Number of protein chains: 2
Amino acid sequence: MGRKSLKEIRQLEIIKVFYKVAKKEGLENTSIAKIAAVMEINPSLIIHYFKTKDELTYALIDYTLEKYLTIYRAEKGTNPPSADTLAVVIDDLFSRKWNKLFDDGLFYSCYALTFREKKVKEMYRKLTDSLRLRLTALIQRCNDAGLIEVDNPRLTADLIFALVDGAYFYLSVSANAKAFDEKIKDYKAEAYRLLGIPDVIFSS
Amino acid sequence: MGRKSLKEIRQLEIIKVFYKVAKKEGLENTSIAKIAAVMEINPSLIIHYFKTKDELTYALIDYTLEKYLTIYRAEKGTNPPSADTLAVVIDDLFSRKWNKLFDDGLFYSCYALTFREKKVKEMYRKLTDSLRLRLTALIQRCNDAGLIEVDNPRLTADLIFALVDGAYFYLSVSANAKAFDEKIKDYKAEAYRLLGIPDVIFSS
DNA sequence: ATATTAATTGAACATTTAGTCAATAAACAA
DNA sequence: TTGTTTATTGACTAAATGTTCAATTAATAT
């Protein structure tokens, strides 16, 4: 009875165009009208699928943050962890994979919303906590497998992520792509040290 | 000849109100009209002192970023450094002094502009580099005074700032004020370790 | 064919935006 | 007093903002 719903399909299309436009022009300069223009649809159609612009923004953040958890896909199902499972994860954390998942400028624009919008804050909290918990668990399992010997896995995970986030924050503003890749090695080396692993063994 | 210029005074007044409104409502929701309304002046007066809104935004960022360098005021002129000069600086870095200097939400909103506006990027680069250089110099001087023994002062400074920035990034989103103060101690302890200083001696 | 449901459009809305321009008011020097 | 310079206002603009609502079109089930 009645026409088939396109809701989820269209919503995803809209979100993807939203992302594309916001990436180029900035989150705060991306209007519903602009998105509609790119899609060659009527602006009111967007409002039809997302009742307000806020709702659309939440959807964008939700969609993009989800991607971040893919960093841990590599280690799925390998239990106990192999010798380089941890190395792959650490390498990924300090690689510029992140940039490809979610444009940095957009990421920080959304992050800034955190301070005014509880909903957004909760989304980011969920992601950051989840990432740290997963690294903690991995460190723990590597401990158990006798690969490393880390006193406080959770603390170590927190410190490693601080290095990741801190390095990104600084290098994004102070270094070009080439210098970025070069300098991030120092931060990665410190992460290895925190894990009690000689840099040489794991460096790829 | 002619009336005295109020330019600098008025500009500063406008910037301060801009900051206040943006802190409450968000950078992207702060219009010239809103600022003018708070000041009970005509919007065109703001345009008179800042030709475009962009120029006003740059002025705000410039004004606020300048404050950050005050973190190092404590160690002005003490050469060679005394025993706790370094401790004071480290404590300040990991304290929430920063929040009082520049609202965090606003800070990250402006930081996000970095990725689209070269001018803003340059401002942040200047600040972050300057902070790191000063800490490097301080570490060096503490080395020379025989207070510590750090292999690579610049690298250590970079890592310490990564811890600061990373901790702020994470704790701002995951912890309330109380938990923030509690958890940041772990990051600070790691900074002490990087400096080769027993935590106990310096903890205040 | 008909009824039903959803997709999509198009026209309109009040409000807000950054910015222009001319007019007036106030301060200062000669 | 007379210029000169700056401060400040007020009236205005064109464009853009997010939303609303009614109308139309298209697909699907009976």
Side-chain angles (χ1 to χ4, degrees), chain A residues 1-61 106 109-110 112-113 116-117 119-120, chain B residues 1-61 106 109-110 112-113 116-117 119-120:
Chain A
M1 34 145 101
R3 192 170 173 174
K4 232 193 305 183
S5 174
L6 295 177
K7 197 168 184 179
E8 287 171 23
I9 298 166
R10 275 272 176 280
Q11 283 185 327
L12 197 61
E13 284 177 8
I14 294 167
I15 289 170
K16 283 181 177 175
V17 175
F18 186 11
Y19 172 78
K20 212 172 79 179
V21 177
K23 178 178 172 175
K24 190 185 264 180
E25 314 209 18
L27 184 67
E28 66 277 13
N29 300 318
T30 305
S31 64
I32 293 173
K34 280 183 188 171
I35 301 168
V38 172
M39 299 181 73
E40 292 182 317
I41 61 172
N42 200 289
S44 47
L45 189 57
I46 294 178
I47 291 290
H48 176 244
Y49 286 114
F50 302 93
K51 285 172 193 170
T52 64
K53 208 207 169 181
D54 276 349
E55 199 175 304
L56 175 58
T57 304
Y58 296 147
L60 173 73
I61 297 175
L106 210 38
S109 286
C110 294
L113 293 180
R116 272 174 297 128
E117 311 213 20
K119 229 174 193 165
V120 179
Chain B
M1 35 143 102
R3 192 170 172 174
K4 236 194 299 182
S5 175
L6 295 176
K7 198 167 184 178
E8 287 171 23
I9 298 166
R10 276 273 176 281
Q11 283 186 327
L12 197 62
E13 283 176 9
I14 294 168
I15 289 170
K16 283 182 177 174
V17 174
F18 185 11
Y19 172 79
K20 211 172 80 180
V21 176
K23 178 178 173 175
K24 190 185 263 179
E25 314 210 17
L27 184 67
E28 67 277 15
N29 299 318
T30 305
S31 64
I32 292 172
K34 280 182 188 169
I35 301 168
V38 172
M39 298 181 74
E40 294 182 315
I41 60 170
N42 201 289
S44 46
L45 188 57
I46 294 177
I47 292 291
H48 175 244
Y49 286 113
F50 301 94
K51 284 172 193 170
T52 65
K53 207 205 171 182
D54 276 350
E55 198 176 305
L56 175 58
T57 304
Y58 296 147
L60 173 74
I61 297 175
L106 209 39
S109 285
C110 294
L113 292 180
R116 273 174 296 127
E117 312 212 22
K119 229 174 194 166
V120 180

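Only heavy atoms go into these numbers, but all of them, side chains included; no hydrogens, no water, no symmetry mates. Here the structure is a predicted model, which is why all the values come from computation and not from measurement. Every chain is numbered from 1, with letters handed out A, B, ... down the list of sequences.
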**Message:** Can you tell whether the side chains of B:Lys16 and B:Glu13 come within less than 4.0 Å, N to carboxylate O?
**Reply:**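 Salt bridge: no.
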**Prompt:** Can a salt bridge be assigned to the pair B:Glu55 and B:Lys119 using a cut-off of 4.0 Å between side-chain N and carboxylate O?
**Reply:**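 The answer is no: the pair does not qualify as a salt bridge.
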**Over all atoms of both residues, closest heavy-atom pair of A:Arg116 and B:Lys24** =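 For A:Arg116 versus B:Lys24, the nearest heavy atoms are CD-O, 4.1 Å.
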Taking [atom1] from [X] and [atom2] from [N], how many angstroms apart are they, rounded to a whole number?
X	N	atom1	atom2	answer
A:Glu55	D:dT19	CD	C1'	14 Å
B:Asn42	D:dT8	CG	P	11 Å
B:Ile47	D:dT13	CD1	P	18 Å
A:Leu45	C:dA11	CG	C1'	16 Å
B:Ile9	D:dT8	CD1	C1'	15 Å
A:Leu27	D:dT17	CG	P	13 Å
A:Glu28	D:dA16	CD	P	17 Å
B:Lys34	C:dG19	NZ	P	16 Å

Side-chain N or O of [X] closer than 4.0 Å to phosphate OP1/OP2 of [N]:
X	N	answer
A:Lys4	D:dA27	no
A:His48	C:dA6	no
B:Arg3	C:dA25	no
B:Tyr49	D:dA7	yes
A:Ser31	D:dA16	no

**Item:** Side-chain donor/acceptor of B:Ser44 to base of D:dG10, under 3.5 Å
**Value:**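 Yes.
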**5' priority, DNA chain C, between B:Asp54 and A:Glu40 [closest heavy atom]** =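 With A:Glu40 and B:Asp54 compared, the 5'-side residue is A:Glu40.
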**Prompt:** Which nucleotide sits closest to the side chain of A:Ala33: C:dA18, D:dT9, D:dT17?
**Reply:**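 Closest nucleotide among those given: D:dT17.
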**Message:** So if I take every side-chain heavy atom of B:Lys53 and compare against D:dT6, C:dT8, C:dG19, which nucleotide ends up nearest?
**Reply:**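 That would be C:dG19.
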**Message:** Classify A:Leu6 by what it touches in the nucleic acid, base, sugar-phosphate, or nothing, heavy-atom distance under 4.0 Å.
**Reply:**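 The residue A:Leu6 makes sugar-phosphate contact but no base contact.
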**Item:** Polar side-chain atom of A:Gln11 near backbone of A:Phe50 as donor-acceptor pair, under 3.5 Å
**Value:**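 Checked: no pair found.
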**Message:** Quiz question: by atom type and distance under 3.5 Å, do the side chains of B:Ser44 and B:Asn42 form a donor-acceptor pair?
**Reply:**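 Yes, side-chain donor-acceptor contact under 3.5 Å.
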